[in-house]
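Below you'll find the structure, written out as structure tokens, and then a few comments.
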Number of protein chains: 2
Amino acid sequence: MASRPPTGSVTIEDVAREAGVSRAAVSKVIRNAYGVSPAMKARVTEAIEKLGYRPSVSARGMRGATFTVGFEIPELTNPFFPKLLAGATAAMAGTPYQLVIAPADPEHGEGYRAIQALVDRQVDGVIAVSPMVDPEWLETLAATVPVVMIGRHDRASGYDTVVNDDEDGARQVMRHLLDLGHKDIAHLTSVPLKAAPAPGVPQAIRLEVYRTAMQEAGLADRVRVLSTPHGVLDAREVVLRLLTEPDRPTAVFACHDEPALGVLHAVADAGLTAADVSVAGYDDIEIAAHPGISLTTVNQDGERMGRLAAELLLERIAGRSEPRHEVVRPELVVRASTRPPRPRGGAARLRAVGRT
Amino acid sequence: MASRPPTGSVTIEDVAREAGVSRAAVSKVIRNAYGVSPAMKARVTEAIEKLGYRPSVSARGMRGATFTVGFEIPELTNPFFPKLLAGATAAMAGTPYQLVIAPADPEHGEGYRAIQALVDRQVDGVIAVSPMVDPEWLETLAATVPVVMIGRHDRASGYDTVVNDDEDGARQVMRHLLDLGHKDIAHLTSVPLKAAPAPGVPQAIRLEVYRTAMQEAGLADRVRVLSTPHGVLDAREVVLRLLTEPDRPTAVFACHDEPALGVLHAVADAGLTAADVSVAGYDDIEIAAHPGISLTTVNQDGERMGRLAAELLLERIAGRSEPRHEVVRPELVVRASTRPPRPRGGAARLRAVGRT
DNA sequence: TTGAAAGCGCTAACAG
DNA sequence: CTGTTAGCGCTTTCAA
């Protein structure tokens, strides 16, 4: 509840005067520092209460901690991120730390700006979800402030990482689709195909797994990768084009649930159903379980990841300096969007050439 | 791009020394203040560049502005809020202000804590989406820092408000359902029914409109209100119970899209379809347009509201003090989740009237 | 156990 | 146009 709105003008000085003690004494009380008599503590607390005093975080930040943890996220619209935030919030509850979120401007750069902004604001630690920022830059940053990165597979020396085992997760998807009998499986990725392959990026890993799985299944010639760096709407359009081609795939594995929703949309646009085209995603966002969507996907337990990240960060703030690297196990969730492929008429015969 | 990671230790003093000028001179340069020769500006800029200097927001906050705008949101999971944030972010781009988001702890209180936390951190202004916080508390707060509230219908004197015309929007929904021929319309609200009616709250207004619309249509005895303050899962369960009763409603108007999704889920759980139970929501979240959901709802243009809020706040920060009250016009979006009621029992003849 | 005093990095008068 | 100076509210030695 609101005990009293902040007046914004009560300083530690006022409290000290009111309580008849020194500023230092008040400071000690509010920090629970060592060396305060119960009597003084009581008087100070009363004065604080009476005056509605709130310590200025800015002033504190100049000497010590701000009790603020910054969380940078790349985009607000993807429903997976709130899971991370919820986990982090939960882990932070009960600590004196306040979580603030800085959204990266999706247009401009990889979140450098947002992370900067957080650091400029003297946060005591940073959690970030920027798969593409330069590791070196991060190392230098981490030398200044505790950092935990979510969704990076590179092993860092100065900061912690929390990732989902993307290789495992993607393999589970591919195995599932192959087991169902699919051979024409396309992959939808957000990784730009012409750019240099970024090694530690989850989507790049999922792409790689897709490629190798296809190869191992003797389907190297059926590999089809679509790249839609520009978001979900794009995914829908790109896939719609694909689906109206005569040799459309029987299954699409999307690197995220969001584009997977776009794929499902495209499937509907094309007048098809899950019986015609199976769709799998990755993330297990809330809506995936809805009967109207029913998307087969991989649960990477974002809440747990967020919680872990926050815990690691608090440890770092408390002094740990050895890097830690937490890997969360993903779990395939099979729903109605993936089914065995339906044998096609004439087209199936044409295809038979390449098969045993 | 990252010009250079923040070192965290370069102060204005260092820059002054490097450039061979005074601290004040550097201060003026970074603030674009009046009275700096181009020559000095160049030298200072160079020194800043070279040293990778970043002004400490905390230190700045002690004297003046932090160039930070705080945005408090009640929950992260509701996909409507990202729209607000996107709008605000867009409006803020190009200004020197940075947006930081403070999520309210859904368990504890109405966002007082989060707003407090923001103010403690010396933000230059606050945008908040807390329909229930005490207006008086807000007025006192607004005396200290510029405030814009989103989704409040009360007219304030010290702060601005941005709302959607909930009365209009809810009326559009009710008219639509009634026009379709529905008589047994239930309403699902997040307003606790036993508590004192909170006047300015959007959901309370929608509830009121529902009641009056039913009355005006001569359906006062068909009024059925379900309250699910505890979230979406709840909505699904509560509605499922309702739908399995013998005299189930033919339509449900939910106060938000999120619970509406729960209703759709319940409809499916009960083995029913949109032909059996029409569902309408409010917000027009992204997924509502998906063919698997296809939810009739009211678009309240969250992006525009967010943008407006940010603009109003910037105006306030710039000095305006007369309160402003912006009302955004809502727009009904009819989708497949609402259809004419199917005549029950013997009267199957009316069936032909309905379209596909 | 308590208090006095010296800054933290910056801005904003005010002098030069 | 430029520099000097006095704080902003807090923490933190260091004495008392």
Side-chain angles (χ1 to χ4, degrees), chain A residues 6-45 47-48 51-68 96 119-124 144-145 317, chain B residues 6-45 47-48 51-68 96 119-124 144-145 317:
Chain A
T7 65
S9 51
V10 180
T11 78
I12 200 172
E13 176 83 52
D14 301 324
V15 176
R17 192 172 20 243
E18 172 75 23
V21 298
S22 71
R23 281 164 22 218
V26 179
S27 176
K28 279 172 187 159
V29 170
I30 62 183
R31 284 177 299 128
N32 272 317
Y34 177 79
V36 262
S37 67
M40 164 169 278
K41 179 165 180 176
R43 275 168 60 202
V44 170
T45 308
I48 288 175
L51 268 41
Y53 165 72
R54 310 229 86 213
S56 152
V57 174
S58 286
R60 293 183 115 175
M62 293 202 56
R63 305 296 274 120
T66 55
F67 299 102
T68 309
V119 175
D120 288 347
R121 277 155 189 77
Q122 306 264 51
V123 292
D124 295 338
T144 306
V145 56
I317 292 176
Chain B
T7 67
S9 52
V10 180
T11 78
I12 201 171
E13 176 82 50
D14 301 323
V15 176
R17 190 171 22 242
E18 172 75 24
V21 298
S22 71
R23 278 160 31 214
V26 179
S27 177
K28 278 173 187 156
V29 169
I30 63 182
R31 284 177 298 129
N32 271 316
Y34 177 80
V36 262
S37 67
M40 163 168 281
K41 178 164 182 178
R43 275 169 58 202
V44 170
T45 309
I48 288 176
L51 268 41
Y53 166 72
R54 310 229 85 214
S56 151
V57 174
S58 286
R60 292 181 118 175
M62 293 204 54
R63 303 299 274 121
T66 55
F67 299 102
T68 308
V119 174
D120 287 347
R121 277 153 189 78
Q122 305 265 49
V123 293
D124 295 338
T144 306
V145 55
I317 291 175

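Note that these values count all heavy atoms, side chains included, but never hydrogens, waters or copies made by symmetry.
- Distance CZ (A/R63) to P (C/dC8): 7 Å, rounded to an integer number of Å.
- Residues A/S58 and B/G61 share a closest heavy-atom pair of OG-CA, 4.0 Å.
- A 4.5 Å side-chain heavy-atom check between A/Y53 and A/I12 finds at least one atom pair inside the cut-off.
- Within the 4.5 Å cutoff, no side-chain heavy atoms of B/T68 are placed close to those of B/R121.
- Here the nucleotide nearest the side chain of B/I30, chosen from C/dT11, D/dT11, C/dC8, is C/dT11.
- Mapping B/A59 and B/S37 onto DNA chain D by nearest heavy atom places B/S37 closer to the 5' end of the strand.
- Taking 4.0 angstrom as the limit, B/Y34 places none of its side-chain polar atoms (N or O) nearer than this to OP1 or OP2 of C/dA13.
- Computed from coordinates, the B/R121 CZ to D/dG9 C1' distance equals 15 Å when rounded to whole Å.
- In terms of the side chain to side chain donor-acceptor pair (under 3.5 Å) criterion, residue partners of A/S27 (sequence neighbours excluded) are, by chain and number, A/R31.
- Of the two residues near DNA chain C, A/M40 and B/A24, the one whose nearest nucleotide lies more 5' is A/M40.
- The residue A/S27 sits close to a base: some heavy atom pair falls under 4.0 Å.
- The CG-C1' distance, from A/N32 to D/dT11, rounds to 15 Å in whole Å.
- In this structure, the side-chain contact (heavy atoms from CB on, under 4.5 Å) partners of B/A47, at least two apart in sequence or on a different chain, are B/V15, B/E18, B/A19.
- Between B/I30 and B/P55, the shortest heavy-atom contact is CD1-CG, 4.1 Å.
- Looking at heavy-atom distances under 4.0 Å, A/V36 makes contact with sugar-phosphate atoms alone, never a base.
- Taking only side-chain nitrogens and oxygens, B/R60 never comes nearer than 4.0 Å to OP1 or OP2 of C/dC10.
- Counting only heavy atoms from C-beta on, B/R31 has its side chain closest to C/dT11 among D/dC10, C/dT11, C/dC10.
- Taking the side-chain contact (heavy atoms from CB on, under 4.5 Å) definition, one finds that B/V36 meets it with B/K28, B/V29, B/M40, sequence neighbours left out.
- Listed nucleotides: D/dG7, D/dT12, D/dT2. Nearest to the side chain of B/K28: D/dT2.
- Remark on the helix from C/dT1-D/dA16 to C/dG16-D/dC1: inter-end axis angle 30°, axes from five-pair C1' superpositions, rounded to 10°.
- Across the protein-nucleic acid pair, A/D14 atom CG and D/dC8 atom P stand 11 Å apart, rounded to whole Å.
- Of the two residues near DNA chain D, B/M62 and B/K41, the one whose nearest nucleotide lies more 5' is B/K41.
- One distance of note links OG1 of A/T66 with CD of B/Q122; it measures 12.0 Å at 0.5 Å rounding.
- A heavy-atom distance below 4.0 Å to DNA chain C is reached by these residues of residues 16-23 of chain B, ordered by number: B/R23.
- Under the side chain to side chain donor-acceptor pair (under 3.5 Å) criterion, B/R17 pairs with B/D14, not counting sequence neighbours.
- Heavy atoms of A/A25 sit under 4.0 angstrom from primed sugar atoms or phosphate atoms, though from no base atom.
- Taking atom CG on A/D120 and atom C1' on C/dG9, their separation rounds to 13 Å, with Å as the unit.
- Distance CD1 (B/I12) to P (C/dG7): 19 Å, rounded to an integer number of Å.
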